[in-house]
Colleague: 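Provided herewith is a single structure, encoded as structure tokens, for subsequent inquiry.
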Amino acid sequence: MIERVRAVLVTADDTMLVIRRTRPGIPEYWVLPGGGVEPSDASREAALHREIHEEIAGKADIVRLLHTIETDDECQLFYLARIATWSFDDRTGPEFSVEGRGEYALEEVPLTLEGLDGIDLKPEEFAHMLRGAIGAGSLGGGASF
């Protein structure tokens with residue numbers, strides 16, 4: 001089974017970092033930073049730290065696991081994390097040099113219902129869960145996490 005890890009990366013301004021994907025022939029959509037767990041990763045959290053470093057040259061403090069989505073062949077784990085520094089210009093992920101993969105643009109989106117309503121966050125199941133958590137105030141936002 002393929003395992004993937006992603007993070008809601010919350011900034012000091014209570015925005016979240018998302019990647020806007022633009023690909024030929026597909027409506028643009030947004031994803032959370034992250035990617036596949038590799039055999040060399042010591043843990044899922046180690047894989048997430050590696051992916052955050054590759055995709056946005058950032059360092060994050062992982063707070064907790066938020067949600068898991070499992071299908072027959074894939075398990076996606078979504079974490080809540082705080083991030084203080086990042087540099088999209090210094091990203092090193094191999095996907096950025098592959099032709100035909102489209103564009104990856106890092107954006108800050110308010111971690112509010114209005115902010116989520118302004119983007120097409122994928123996967124939809126996670127976007128729905130995140131909307132519910134924000135609406136219920138159960139993310140533990142602000143300085144409380």
Side-chain angles (χ1 to χ4, degrees), residues 1-112 115-134 138-145:
M1 176 178 286
I2 296 170
E3 286 189 320
R4 298 188 190 286
V5 290
R6 297 204 174 276
V8 175
L9 295 173
V10 182
T11 70
D13 296 329
D14 285 327
T15 62
M16 70 173 176
L17 297 179
V18 292
I19 298 174
R20 179 174 36 90
R21 294 285 285 119
T22 307
R23 298 167 63 188
I26 299 173
E28 73 181 2
Y29 61 95
W30 287 254
V31 295
L32 297 172
V37 177
E38 297 178 359
S40 59
D41 292 322
S43 66
R44 293 168 173 161
E45 291 80 8
L48 185 57
H49 283 294
R50 177 185 49 74
E51 286 288 343
I52 291 168
H53 176 73
E54 288 176 0
E55 290 189 3
I56 62 172
K59 292 188 185 213
D61 293 321
I62 298 172
V63 176
R64 70 176 187 272
L65 180 65
L66 277 178
H67 191 68
T68 302
I69 298 174
E70 285 193 52
T71 61
D72 290 340
D73 57 352
E74 182 177 76
C75 178
Q76 291 191 73
L77 299 109
F78 296 86
Y79 291 85
L80 178 65
R82 276 271 181 210
I83 189 156
T85 61
W86 62 91
S87 172
F88 205 54
D89 292 334
D90 295 323
R91 62 191 175 174
T92 61
E95 63 270 26
F96 303 120
S97 60
V98 176
E99 250 185 77
R101 296 280 313 242
E103 294 180 28
Y104 295 76
L106 187 67
E107 297 180 353
E108 283 186 68
V109 173
L111 193 52
T112 62
L116 280 177
D117 288 344
I119 65 173
D120 183 14
L121 183 65
K122 301 292 186 189
E124 289 178 22
E125 178 183 329
F126 180 76
H128 179 73
M129 187 284 312
L130 187 57
R131 278 186 180 86
I134 291 170
S138 62
L139 274 185
S144 64
F145 77 91

Colleague: Looking only at non-hydrogen atoms, find the nearest pair between Leu111 and Ile134 and report the distance.
Modeller: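 Scanning both residues, the minimum pair turns out to be CD1-CD1, 3.8 Å.
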Colleague: Just do the side-chain contact (heavy atoms from CB on, under 4.5 Å) check on Leu9 and Leu32 with the steps written out, would you?
Modeller: CA-CA 8 Å; Leu9 295 173; Leu32 297 172; over 6 Å; no
Colleague: Regarding Glu38 and Arg50, does a basic nitrogen lie under 4.0 Å from an acidic carboxylate oxygen?
Modeller: yes
Colleague: Please walk me through it: do Val8 and Val18 pass side-chain contact (heavy atoms from CB on, under 4.5 Å)?
Modeller: CA-CA 8 Å; Val8 175; Val18 292; over 6 Å; no
Colleague: Could you grab the distance from atom CD1 of Ile62 to atom CG of Leu80, nearest 0.5 Å is fine?
Modeller: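 Output value for this atom pair is 10.0 Å.
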Colleague: According to side-chain contact (heavy atoms from CB on, under 4.5 Å), who are the partners of Glu74, at least two apart in sequence or on a separate chain?
Modeller: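 With sequence neighbours excluded, Glu74 shows a side-chain contact (heavy atoms from CB on, under 4.5 Å) to Ile2, Arg4, Thr71, Gln76, given in chain and number order.
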Colleague: Any side-chain heavy atom of Leu116 sitting closer than 4.5 Å to one from Val109?
Modeller: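 No, their side chains stay 4.5 Å or more apart.
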Colleague: Taking C-beta and beyond as the side chain, do Arg6 and Leu77 meet within less than 4.5 Å on heavy atoms?
Modeller: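 Sidechains of Leu77 and Arg6: no contact.
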Colleague: Under the side chain to side chain donor-acceptor pair (under 3.5 Å) test, which residues partner Glu3, sequence neighbours left out?
Modeller: Arg44
Colleague: Which atoms form the tightest heavy-atom contact between Glu70 and Cys75, and what is the distance?
Modeller: CG-SG, 3.7 Å
Colleague: If the condition is side chain to side chain donor-acceptor pair (under 3.5 Å), which residues does Thr11 pass it with, not counting sequence neighbours?
Modeller: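 So Thr11 forms a side chain to side chain donor-acceptor pair (under 3.5 Å) with Thr15.
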Colleague: Would you say the side chain of Pro123 lies within less than 4.5 Å of the side chain of Ile69, judging by non-hydrogen atoms?
Modeller: yes
Colleague: Does anything in residues 68-87 form a ring-ring contact (aromatic ring centres under 6.0 Å, His included)? List the pairs, not counting sequence neighbours.
Modeller: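 Listed once each, the pairs are Phe78-Phe126.
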Colleague: Evaluate the criterion side-chain contact (heavy atoms from CB on, under 4.5 Å) for residue pair Met16 and Leu130; output intermediate values, then yes/no.
Modeller: CA-CA 12 Å; Met16 70 173 176; Leu130 187 57; 4.2 Å; yes
Colleague: Name all residues meeting the side chain to side chain donor-acceptor pair (under 3.5 Å) criterion together with Thr85; count only those two or more places apart in sequence or in a different chain, and write none if there are none.
Modeller: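 By the side chain to side chain donor-acceptor pair (under 3.5 Å) rule, Thr85 matches no residue at all.
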Colleague: Please enumerate all residues that pass side chain to side chain donor-acceptor pair (under 3.5 Å) together with Ser40, with sequence neighbours excluded.
Modeller: none
Colleague: Check Ile83 against Lys59 and note the closest heavy-atom contact, atom names and distance.
Modeller: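 Taking every non-hydrogen atom into account, CG1-O, 3.4 Å.
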Colleague: Step by step, would you call Asp41 with Leu48 a side-chain contact (heavy atoms from CB on, under 4.5 Å)?
Modeller: CA-CA 9 Å; Asp41 292 322; Leu48 185 57; over 6 Å; no
Colleague: Please name the pair of heavy atoms, one in Ala57 and one in Ser87, separated by the smallest distance, quoted to 0.1 Å.
Modeller: CB-O, 3.4 Å
Colleague: Check Arg64 against Leu139 and note the closest heavy-atom contact, atom names and distance.
Modeller: NH2-O, 3.3 Å
Colleague: Given 3.5 Å as the limit, does a donor-acceptor pair link the side chain of Arg21 with the main chain of Glu103, or not?
Modeller: yes
Colleague: Tell me which pairs pass salt bridge (Lys or Arg N to Asp or Glu O under 4.0 Å) where either residue lies in residues 120-133, with sequence neighbours left out.
Modeller: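 Of all non-adjacent pairs touching residues 120-133, those that pass salt bridge (Lys or Arg N to Asp or Glu O under 4.0 Å) are Asp117-Arg131, Asp120-Lys122, Lys122-Glu124.
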Colleague: CD of Glu55 to CG of Leu106: how many Å apart, nearest 0.5 Å?
Modeller: 9.5 Å
Colleague: Could you tell me which residues satisfy side-chain contact (heavy atoms from CB on, under 4.5 Å) with Ala105, sequence neighbours excluded, listed by chain and number?
Modeller: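 With neighbours one apart ignored, the set is Arg20.
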